[in-house]
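Written below as structure tokens is the structure these notes are about.
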Amino acid sequence: MPELPEVEGFKRYLDATSLRQRITSVKVRDTYVLQGISARELAQALKNHRFENSRRHGKHLFVRADDHLWLRLHFGMTGSLQYLNGDEEPPKTARVLFHFAKSNHQLAFDDQRKFGEVGLIKNVDEFLKKRGIGSDALDIGFPEFKSILRKHGGAVKAILLNQKRIAGIGNLYADEILFRAKVHPAANARRLSDRDLATLFRATRYVLEKATVRRTDGDQLPKSWLMTHRGKEGKCPRCGHKLKSGTVGGRTSWFCARCQKRK
DNA sequence: CTAGATGTTAAGGT
DNA sequence: CACCTTAACATCTA
């Protein structure tokens with residue numbers, strides 16, 4: 001489930017395993033994943049280069065292979081990375097394999113449900129601009145956060161989910177953030193007070209940062225979180241009330257109707 | 001068998 | 001223009 005914390009986890013994983021090794025070949029097993037580039041072009045461009053460093057923005061991961069050459073990864077709904085030893089068989093759903101010189105290791109871009117994207121770009125900032133991606137959710141300061149929510153009406157959750165406004169928050173963490181801030185997902189953003197917005201901002205940072213740490217350590221998310229109770233039989237970890245669900249911003253939302261008032 | 005699932009986007013309606 | 005809903009993509013699981 002790659003939202004910001006998971007993609008940050010992939011970044012750290014890639015940084016820890018795959019930097020500074022000469023790339024000997026790139027195999028694309030399924031070309032649906034490629035965006036604006038052919039398998040041959042991708043392989044040709046990366047061959048004999050090394051991944052130097054990486055950068056995450058929202059749910060995108062960019063890996064620098066040269067001054068003007070960045071690999072772009074988006075994980076869709078089910079994407080992930082796996083670093084494999086020479087004798088390890090990549091999973092069937094590995095769509096792209098980056099082969100390294102060092103003892104036949106390879107990095108696999110796995111993507112069961114085929115919503116992922118792999119591309120090559122020259123300039124990360126230009127790419128983000130062209131796509132209209134907003135500021136990263138952990139990069140944003142309160143003044144910017146506030147003005148984004150003040151500027152747009154509609155359900156607060158829809159704004160949090162909109163990557164053009166704030167990048168990195170997906171359906172599950174949006175619910176978690178709203179739960180923590182005690183804000184109803186369908187509440188109109190314009191009707192939130194300054195105090196609500198401040199709480200929401202703090203909740204956003206807390207949830208995303210905490211989830212990133214938990215993920216990195218391989219720990220479960222806290223039981224006090226909504227996410228671990230999502231589902232029909234779920235009860236609010238704060239008040240014990242049965243959780244409710246509804247559609248907001250086109251996605252299923254879980255929330256506690258007692259703790260999260262619509263206002 | 002059916003519905004729904006972490007993401008994104010397009011199309012259509014109000 | 002602002003906002004909403006629905007559908008679509010591919011595949012798996014409850």
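Just so it is clear, the values below take in all heavy atoms, side chains as well, and ignore hydrogens, waters and symmetry mates. Throughout, protein chains are lettered first and strands after them, A, B, ... in sequence-line order, and every chain is numbered starting at 1.
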Separation of B:dA5 atom P from A:Trp254 atom CH2, nearest Å, is 9 Å

Any donor-acceptor pair under 3.5 Å from A:Lys235 side chain to A:Leu243 backbone: no

Assess the side chains of A:Glu6 and A:Tyr173: does a donor N or O sit below 3.5 Å from an acceptor N or O? yes

Does a side chain donor of either A:Lys11 or A:Ser54 reach within less than 3.5 Å of an acceptor in the other side chain? yes

Side chains of A:Asn171 and A:Thr252 only: does a donor on one sit below 3.5 Å from an acceptor on the other? no

Within the 4.0 Å heavy-atom criterion, would you say A:Ala155 contacts the bases, only the backbone, or no part of the nucleic acid? sugar-phosphate

If you take all heavy atoms of A:Glu3 and A:Leu172, which pair is closest and at what distance? OE2-N, 3.1 Å

Indicate for each nucleotide in nucleotides 9-14 of chain B, in 5' to 3' sequence, whether protein heavy atoms under 4.0 Å reach the base (B), only the sugar-phosphate (S), or nothing (-). S-----

In whole Å, what is the span from the CG atom of A:Asn162 to the P atom of B:dT8? 10 Å

If you look at every strand shown and take non-hydrogen atoms under 4.0 Å, does A:Thr247 touch a base, only sugar-phosphate, or nothing? nothing

Is a donor from one side chain sitting under 3.5 angstrom from an acceptor on the other, for A:Glu209 and A:Thr212? no

Starting at atom CZ of A:Arg191, determine the distance to atom C1' of C:dC3, rounded to an integer number of angstrom. 15 Å

Which heavy atom of A:Arg180 sits nearest a heavy atom of A:Arg238, and at what distance? O-NH1, 4.0 Å

Please determine, by modelled atom types, if A:Thr199 and A:Asp196 share a side-chain donor-acceptor pair under 3.5 angstrom. no

Assess, by modelled atom type and distance only, whether the side chains of A:Asn123 and A:His68 contain a donor and an acceptor separated by less than 3.5 Å. no

To the nearest angstrom, the CD-C1' distance between A:Glu3 and B:dG7 comes to 9 Å

Expressed as a whole number of Å, how far does the C1' atom of C:dC1 sit from that of B:dT8? 23 Å

How would you summarise protein contacts on nucleotides 9-14 of chain C per nucleotide, using B for base, S for sugar-phosphate only and - for none, with heavy-atom distances below 4.0 Å? BBBS--

Rounding to a whole Å, what distance do you find between A:His60:NE2 and B:dG7:P? 12 Å

Side-chain N,O (A:His74) to OP1/OP2 (B:dT8) below 4.0 Å: yes

Canonical and wobble pairing (Watson-Crick, G-U, under 3.5 Å) of DNA chain B, dot-bracket with |: .||||.||||||||

Calculate the interatomic distance between A:Leu73 atom CG and B:dT8 atom P; express it in whole Å. 14 Å

A:Phe10 ring centre to A:Arg215 NZ or CZ under 6.0 Å, with the angle to the axis within 45°? yes

If you look at every strand shown and take non-hydrogen atoms under 4.0 Å, does A:Gly250 touch a base, only sugar-phosphate, or nothing? base

Spacing of A:Lys157 atom NZ relative to C:dC4 atom P, expressed in whole Å: 13 Å

If only atom types and distance count, is the side chain of A:Asp111 paired as donor or acceptor with the main-chain N or O of A:Phe115 below 3.5 Å? yes

Atom-to-atom span, CG of A:Asn188 to C1' of C:dA2 - whole angstrom: 12 Å

With distance as the sole criterion, is a donor-acceptor pair present between the side chains of A:Ser135 and A:Glu144 under 3.5 Å? yes

